[in-house]
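For reference, the structure discussed in these notes is given below.
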Number of protein chains: 2
Amino acid sequence: MVLLLELQRATHATLHHLTAHLADLGLSPSELNALANLGARADAVATVSELGAAIGGRPTTLTGILDRLEQRGLLAREPHPRDRRTVVVRPTAEGARVAARILDAMAQLERRLTPEAVEAVSAALRELSR
Amino acid sequence: MVLLLELQRATHATLHHLTAHLADLGLSPSELNALANLGARADAVATVSELGAAIGGRPTTLTGILDRLEQRGLLAREPHPRDRRTVVVRPTAEGARVAARILDAMAQLERRLTPEAVEAVSAALRELSR
DNA sequence: TATTGTTATACTCTATAACTATA
DNA sequence: TATAGTTATAGAGTATAACAATA
């Protein structure tokens, strides 16, 4: 088998698993991904550019995703303290709870693998993403 | 880091790499994925359902993707010899050449990893896709 | 001049449900 | 009755280019 084809398939399958498991949230795969990425950060805060880099999305895509998450009260846009061109994104209290739920569901799937396998896959994925 | 977030990121990054490397083909990521999956099969032939399962897409998505690939002369729809409800999809001669190019670009990326790493990742991805 | 984020536009992907033809 | 694939519709993701505000 070709690894990249398996990669695409696994991404589809895990995304489908997550959206089904978290269907009551009514969030799209990209919305789940964006909120989870934000929740996984040390301070749960990022600029739009940083979040775009983290999820592999373009600024134009981010705008729509963030609009919907903001409209649902899951995150807020704030001005950057030092650069007034930049927008900082921060989860609300409810957004943080939802992010924790998503990360928990992801961790549950991850537990199918041994810690050694997780580390090996992680290193390989970083190498492919270079 | 959360492995599933890295998985999403790697999928985006590799897809972006491939579409840039094969920009002259003018194919969308899903079209590349469908054609490569078809080319990776032993006989390069599949039903619409089989291809949908392979790329993690719904029948409704497949219809559009296959329409465009057919319109470009890269594949043909044929009746199934035994079940007249079923449609068999087969690359044309040009489609087979394009599929080979896509698979070659994928293999090139894959060569960044050792064969052992490829096998480890492959096993882990199958486990996550279950 | 260059960068951040948004808007405008057009195309592609996705999900749901309804439909046709066939089994 | 059930299944394979398509069509219809609406919402979401994507790329490109243009834009305003700021650096």
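In the text below, chain A, chain B and the rest are named by the order of the sequence lines, each starting its count at 1.
Along DNA chain D, the nucleotide nearest A/Asp83 and the nucleotide nearest A/Ser28 are compared for position; the residue whose nucleotide lies closer to the 5' end is A/Ser28. Taking for each of A/Thr47 and A/His12 the nucleotide of DNA chain C with the nearest heavy atom, the 5'-most of the two is the partner of A/Thr47. A residue-by-residue look at A/Arg84 and A/Gly64 shows that A/Gly64 has its nearest nucleotide of DNA chain D further toward the 5' end.
Put simply, CG on A/Leu15 is 13 Å from C1' on D/dA12, counting in whole angstrom units. What separates CG of A/Leu51 from C1' of C/dG5 is a distance of 13 Å, to the nearest Å. Between the CG atom of A/Leu27 and the C1' atom of C/dA15 there is a distance of 16 Å, given to the nearest Å. For the pair B/Asp67 CG and C/dC11 C1', the interatomic distance rounds to 15 Å; values are reported in whole Å. In this structure, the CD1 atom of A/Ile55 is 8 Å from the P atom of D/dT14, given to the nearest Å. Distance A/Leu18 CG to C/dT14 C1': 17 Å, rounded to the nearest Å. Look at CZ on B/Arg58: it is 17 Å from P on D/dA12, rounded to the nearest Å. Distance A/His80 NE2 to C/dT3 P: 17 Å, rounded to the nearest Å.
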Could you go step by step and tell me if B/Glu119 and B/Arg126 meet the salt bridge (charged side-chain N to carboxylate O under 4.0 Å, His left out) rule? CA-CA 11 Å; B/Glu119 185 46 48; B/Arg126 279 195 302 272; 3.8 Å; yes

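Nucleic acid contact class of A/Thr60 (heavy atoms, under 4.0 Å, all strands): base. As judged by a 4.0 angstrom heavy-atom cut-off over every strand, B/Leu62 is placed among residues making no nucleic acid contact. The residue A/His16 sits apart from the nucleic acid: no heavy atom pair falls under 4.0 Å.
Distance from the side chain of A/Val48 is smallest to C/dG5 among C/dA23, C/dG5, C/dA15. Among the nucleotides C/dT6, D/dT14, D/dA15, the one closest to any side-chain atom of A/Pro59 is C/dT6.
There is a path of hydrophobic side-chain contacts, each under 4.5 Å, that joins A/Val2 to B/Leu51.
The pair A/Arg72-A/Asp67 does not count as a salt bridge, with every side-chain nitrogen at least 4.0 angstrom from each carboxylate oxygen.
OP1 or OP2 of C/dT6 sits under 4.0 Å from a side-chain N or O of A/Arg77. Between B/Thr63 and D/dT6 there is a side-chain polar atom (N or O) within less than 4.0 angstrom of OP1 or OP2. Contact annotation: A/Arg85 does not reach the phosphate of D/dA21 (side-chain N/O to OP1 or OP2, under 4.0 Å).
Closest approach of A/Met106 to A/Ala36, counting heavy atoms only: CE-CB, 4.1 Å. Closest of all the heavy-atom pairs between B/Ala124 and A/Val121 is CB-CG2, 3.4 Å.
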